[in-house]
Amino acid sequence: MDLAQATATSGGDVDTPVRAAHAPISPATDAYLSQQLNPAQKDAVTAPDGPLLILAGAGSGKTRVIAYRIAFLVMERKVPADAILGVTFTNKAAGEMKERVEKLIGPDARRVTLGTFHAICARWLRRYIDRIGYDSSFSIFDADDQLTLLKRLYADAGINQKQFAPQAVRAEISKAKERLETPAQYSRRAEDPFQSAVASLYRRYQESLQEQNAVDFDDLLVLMLRVFEEAPDVLRRFQRQYQQVLVDEYQDVNKVQYLLVKHLAAGHRNLTIVGDDSQAIYGWRGADVRYILEFEHDFPESRVVRLEQNYRSTKTILKAAQAIEAGLSARRDKRLWTENGEGVPITVCQAADERDEAMFVAREVEKLHNEGQRYRDIAVMYRMNSQSRALEEALVRRRLPYQIVGGTRFYERREIKDVLAYLRLINNPADAVSLERIINVPNRGIGDTTLDQLRDWAAALGIPVPYTLKLLRELDQAHEQGTDRQASIAPPFGDRAKNQLVAFARLMSDLQEAGRTSGLVELFDMLLLRTGYREYLANDKAGEERWENVMELRSVVTDYAGMEPGAGLRAFLENASLVADVDSLKAEQDSITLLTLHSAKGLEYPVVFITGMEEGIFPHSRSQGDPEQMDEERRLCYVGMTRAMQRLYLVHCDVRTVYGTPRSGEPSQFLASVPMDRLHLVNSYGMQAHSLGGGQAAVRTWSGTGTTIGGQAGGRGGREGSGRPERKQFGSLEAIIQRTGIRHGSDFVQTASLTPQARPTAATVPPVRVPTRGNAAPAPVVAPAKAKYAAGQRVRHTSFGQGTVLASAITRRGEEEVRVRFDGVGEKTLLGALAPMEIVA
DNA sequence: TAGTATTTAATTTTT
DNA sequence: TTAAATACTA
C-alpha cells in the first residue's frame with residue numbers, strides 16, 4: 001500500500017476544511033508512515049504547520065523525509081500540490097525529489113514547484129523582471145561572460161589588468177552582491193586602492209549589465225529579492241500561492257537566499273528547513289551556517305526534529321567521520337549512530353606520486369570489480385578538479401569506464417559557448433558580450449581595429465554597440481533605396497569593414513526573424529548553416545570533436561522543439577545557463593564516478609576513494625591560517641567520508657607535481673584524526689605497509705616530521721626519524737643557474753626560458769636531440785657546452801645514497817635532467833636543481 | 001587582419 | 001602543465 005491508497009482508505013476527509021493543520025492523522029496513514037519511517041522521521045513528516053527545523057545528520061534519510069512530507073502535505077493535509085515550493089541544492093536533487101514524490105502521490109507531483117534557488121528565481125524573473133527595469137528576454141551571464149565584460153570595462157575605468165586581476169574583481173563584486181551592497185554602498189565602504197577600483201568597476205559593471213539586459217548568477221537572486229521589495233503585490237501573490245515552503249541544505253544558504261525564504265514564508269510561516277551544520281561547505285560562496293544555527297531565534301515557535309540514525313555507512317566509517325567532525329571548533333551537538341555492522345577497516349594508502357596514487361586507485365577498482373563490485377558503486381573524490389587528470393590517465397590505461405563531473409564542463413567549451421552566444425543574441429539583441437564573442441567567429445574580417453572603431457562610434461552616438469549595427473544596416477538599406485539618410489555622426493569604417501559589418505547585421509536580423517517564427521531545431525540548423533560554423537571548425541585541430549559537441553547540443557535542443565518559438569529558445573537558454581555538473585551524472589551507466597568533494601554533496605556510494613590527502617591540497621593551502629576556513633575544509637572532509645557506505649579509501653602522496661614542479665607533501669592532518677584502530681595502512685600495491693610500524697609511529701609521522709621526498713625508492717614509507725629534507729624548489733632561471741653552476745649565454749642556453757639578450761643564434765650553438773623522461777617525444781634543445789653531470793659519473797644523493805649517472809640532458813626548461821642508477825635502488829630520473837647531487841668521482 | 005611564435009601567469013571549491 | 005595575453009610576421 002502506498003500513501004495514496006492509505007489516505008484514500010482513511011476515507012471521509014474530503015469534505016473537511018482545506019487545511020486541517022493540526023487535525024489528527026488518519027489511522028491508516030499513521031500506520032503506513034510508522035511502517036515506512038523511524039519515529040523521528042515520522043515526527044518530521046507529520047509535524048504540524050509552522051516553522052520546522054529538521055537537523056538531519058549524514059545518511060539519515062533526509063531526502064526520504066522531504067519527499068514523504070510533501071506527499072503527506074498533499075494527501076493528508078490537502079495542500080494543493082501547486083501550493084508547495086521545494087528548494088534543493090542541485091537540479092538533479094530536484095529531479096530525484098520529484099520522482100520520489102511522484103511515486104508516493106502520482107502525477108500530481110508534477111505541479112509541485114521544485115528547483116534550485118537560481119532556477120526558481122530565473123523562472124519567476126521571466127514574469128516579473130519588467131517591474132525593475134529589465135526585459136524578460138534577459139541573458140544570464142556566467143563567470144566567463146562576467147570576466148569578458150569586466151575586461152572590457154577596465155579600459156574605460158582607466159585600470160590596467162596587471163594591477164587588479166579581473167578574477168579577483170569578479171569575486172569581490174559577487175561578494176558585494178551576496179551582502180546586498182549596491183555599487184554606491186560599496187563605494188562608501190571602500191578603503192584600499194583595490195576596493196576603490198572595484199567600486200568604480202562595480203558601478204560600470206552593473207550599468208553595463210542593465211544596458212545589455214543581462215543578469216549574472218547573483219543577480220538572479222538579488223533581483224528577485226528586489227522585485228519582492230519593490231513590488232509588494234508580486235510578493236503577496238507568491239505568498240498566497242505557496243502555502244508551504246521547504247528548503248533543503250539550509251546550512252549552505254546565503255543572505256539573499258535567506259531573505260527570499262523569509263519573505264515567502266512571512267505570512268503563514270509554514271517553513272520546513274532541512275540541514276546539517278557539519279556539512280556546511282559553501283562559506284566561500286557567501287553561505288552562512290548561522291542561518292541554520294539561529295533558525296530557532298528567527299522563528300521562536302519552531303519545532304525541531306533531529307534525525308540521528310544513519311542508514312548509510314558502516315560503524316567504522318561513521319566513527320572515522322565523527323572523529324573528523326570532533327575536530328571542529330564550532331558545531332551543534334549531534335549524536336549520529338547506526339545499526340549497521342562494523343564493516344571493513346578504512347584503507348589508508350601512501351603513494352609515491354600522483355601517478356602512483358592513480359595506479360593504486362585503478363588497481364584497487366579492478367580488484368573490487370573482480371570481486372563483483374559494480375563500477376557505478378565506486379566514486380573517486382578530490383579537492384581540486386586539476387587532480388582528476390592523473391586519475392583519468394590511469395583509468396584509461398586500464399580501460400576502466402568512468403564518468404567525470406566538472407572539469408571542462410560541456411557548457412564551457414568554446415564551440416558550445418559560441419553557438420550559445422548566437423542563440424543568446426537572437427533572444428536578446430542587446431547582449432553585447434555575446435555579440436563581441438561571435439562577431440568575428442567564424443572569421444569575417446572584423447578584427448580588433450574595426451571593433452574598436454565600432455565601439456568608438458557607439459560611444460560617440462551614445463547608444464549601445466549592438467544598436468549601432470542595426471543603425472548601420474538601416475543606413476545601408478536607405479542608401480540602396482536611394483533615400484539617403486545620415487547618421488548624426490558618420491560611420492568611421494572603411495568600405496571593406498563596413499560591408500562585413502552590414503553583412504553580419506543582416507545575418508543576425510535574419511536569424512532573429514527565424515527565432516520569432518521557426519522552431520528551435522530549425523533555427524539551430526539555420527544558424528549553423530548560415531554562419532558556416534561547421535566549415536569553420538574543420539580548420540580546428542580538435543574540429544571533429546568540437547562538431548560532435550555541437551551536435552550533442554543540437555540533441556539537447558530537440559527537447560524544446562515542441563514549444564512556442566520564443567518561449568522554447570528562452571527555456572533552452574535558461575536551462576543551459578543553470579545546469580550544474582552533477583546534474584548530468586548518469587546513474588544508470590556502469591562507470592566509476594570522478595568528482596570533487598564539493599560536487600559529492602548529497603550523493604552516496606558503496607565505495608569511496610578520497611585522493612590527495614595531503615597538507616596544502618586537502619586542507620587546501622589557501623585555507624591554512626584561517627580557522628574558519630580550516631573548519632570548512634574539515635567539514636568538507638566529513639562530507640566526503642560520509643558519502644561512503646561500505647568501503648572508504650584515503651590516499652596521499654609523498655610527492656605531487658603541481659604546475660609542472662614536483663613538491664613533497666606531508667600527509668593531511670585529517671589523517672591523524674582518524675582512529676588508528678579503524679585503519680589499514682597500505683602502500684600503492686595494496687600491501688600492508690610494514691615500515692609504518694605500529695599505529696603510534698604512523699600517527700607521529702603524519703602529524704609531525706613528514707615523510708621523505710621521493711621516499712618511495714627503497715622501503716616505501718616514512719621511516720621514523722628519517723626527517724624531512726628541506727623543500728627544494730625551482731625558482732627563477734637565475735636560481736637554477738646559480739644552483740647548477742651553469743652560466744647562460746656561454747655554457748648553454750635553451751630558447752624558451754631565457755631572456756632575448758642571452759639567446760644565442762642557431763649558428764653558435766647547434767641544436768641536438770637529447771633523450772627525455774619516459775617515452776615522450778624528445779624535446780629539441782640546445783646542447784649544453786658543459787653539463788654538470790656526465791654518464792658514468794659516480795654521484796651521491798641526499799636521499800638515495802650513491803649511484804652512477806646513466807645519461808644527462810638539459811631540458812627545454814633549462815633544467816638538467818639526470819638519470820641515475822642508485823646502488824640497490826634502481827633507476828631514477830632527477831632534475832638537477834631539484835635534487836642536487838654531489839659528484840663523488 | 002590572420003596566423004604563428006613567444007611569453008607570462010595562474011591555479012579551490014560552484015549555482 | 002596549460003590557457004591566455006602579447007608580440008611578431010606574412
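Here is the naming used below: chain letters follow the sequence lines, and residue numbers restart at 1 for every chain.
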Among dA5(C), dT15(B), dT12(B), the one nearest Lys151(A) by side-chain distance: dA5(C)

dT12(B) phosphate, OP1 or OP2, under 4.0 Å from Thr596(A) side-chain N/O: no

Distance in angstrom units between Asp448(A) CG and dT6(C) P, rounded: 11 Å

Length of the line joining Leu147(A):CG and dA10(B):C1', which is rounded to integer Å: 13 Å

Integer-rounded Å distance: dA4(C) P and Lys417(A) NZ: 11 Å

Euclidean distance, atom OH of residue Tyr382(A) to atom C1' of dT11(B) [Å, nearest integer]: 15 Å

Complementary nucleotide of dA7(C), counting Watson-Crick and G-U pairs under 3.5 Å: dT4(B)

Atom pair distance, as rounded to whole Å: CZ in Phe493(A) and P in dT1(B): 11 Å

dT12(B) OP1/OP2 closer than 4.0 Å to side-chain N/O of Arg383(A): no

Main-chain N/O of Arg656(A) paired with Arg663(A) side-chain donor or acceptor, under 3.5 Å: no

Side-chain donor/acceptor contact of His620(A) with base of dT12(B) under 3.5 Å: no

Per Asn385(A) side chain, nearest of listed nucleotides dT1(B), dT13(B), dT11(B): dT13(B)

Phosphate OP1/OP2 of dA3(C): any Arg414(A) side-chain N/O under 4.0 Å: no

dT13(B) pyrimidine/purine six-ring stacking with His598(A), under 5.5 Å and 30°: no

Earlier contact from the 5' end, DNA chain B, for Ser623(A) and Gly445(A): Gly445(A)

Ser621(A) side chain near dT12(B) phosphate (N/O to OP1/OP2, under 4.0 Å): no

Nucleotide of dT2(C), dA2(B), dT12(B) approaching Asn440(A) most closely (side-chain heavy atoms): dA2(B)

Carboxylate-amine/guanidinium proximity below 4.0 Å for Arg179(A) and Glu181(A): yes

N or O in side chain of Thr450(A) less than 4.0 angstrom from dT1(B) OP1/OP2: yes

Length of the line joining Gln629(A):CD and dT12(B):P, which is rounded to integer Å: 12 Å

Within 6.0 Å of CD in Gln624(A), more than 12 heavy atoms from elsewhere: yes

Value in whole Å for how far the P atom of dT15(B) lies from CG of Asp144(A): 15 Å

Separation of the C1' atoms in dA5(C) and dT12(B), to the nearest angstrom: 23 Å

Whole-angstrom distance between dT6(C) and dT11(B), as gauged at atom P: 15 Å

Shortest side-chain distance from Gln167(A), nucleotide among dT11(B), dT15(B), dT12(B): dT11(B)

Aro-ring/base stack Trp284(A)-dT13(B), d under 5.5 Å, angle under 30°: yes

5' priority, DNA chain B, between Leu451(A) and Tyr282(A) [closest heavy atom]: Leu451(A)

Euclidean distance, atom CZ of residue Arg496(A) to atom C1' of dT1(B) [Å, nearest integer]: 7 Å

From dT11(B), dG3(B), dT1(B), nucleotide with atom closest to Asn443(A) side chain: dG3(B)

Within the 6.0 Å centroid threshold, strictly below: Phe670(A) and Phe618(A): yes

Lys417(A) and Asp142(A) ion-paired at < 4.0 Å: yes

Glu325(A)/Arg634(A) under salt bridge (Lys or Arg N to Asp or Glu O under 4.0 Å): CA gap, chis, key distance, verdict: CA-CA 7 Å; Glu325(A) 193 187 17; Arg634(A) 191 169 273 274; over 6 Å; no

Salt bridge Lys177(A)-Asp219(A), side-chain N to carboxylate O under 4.0 Å: yes

Watson-Crick or G-U wobble mate for dA10(B), both contacts under 3.5 Å: dT1(C)

Touch class at under 4.0 angstrom, heavy-atom based, for Ser577(A) against every strand present: nothing

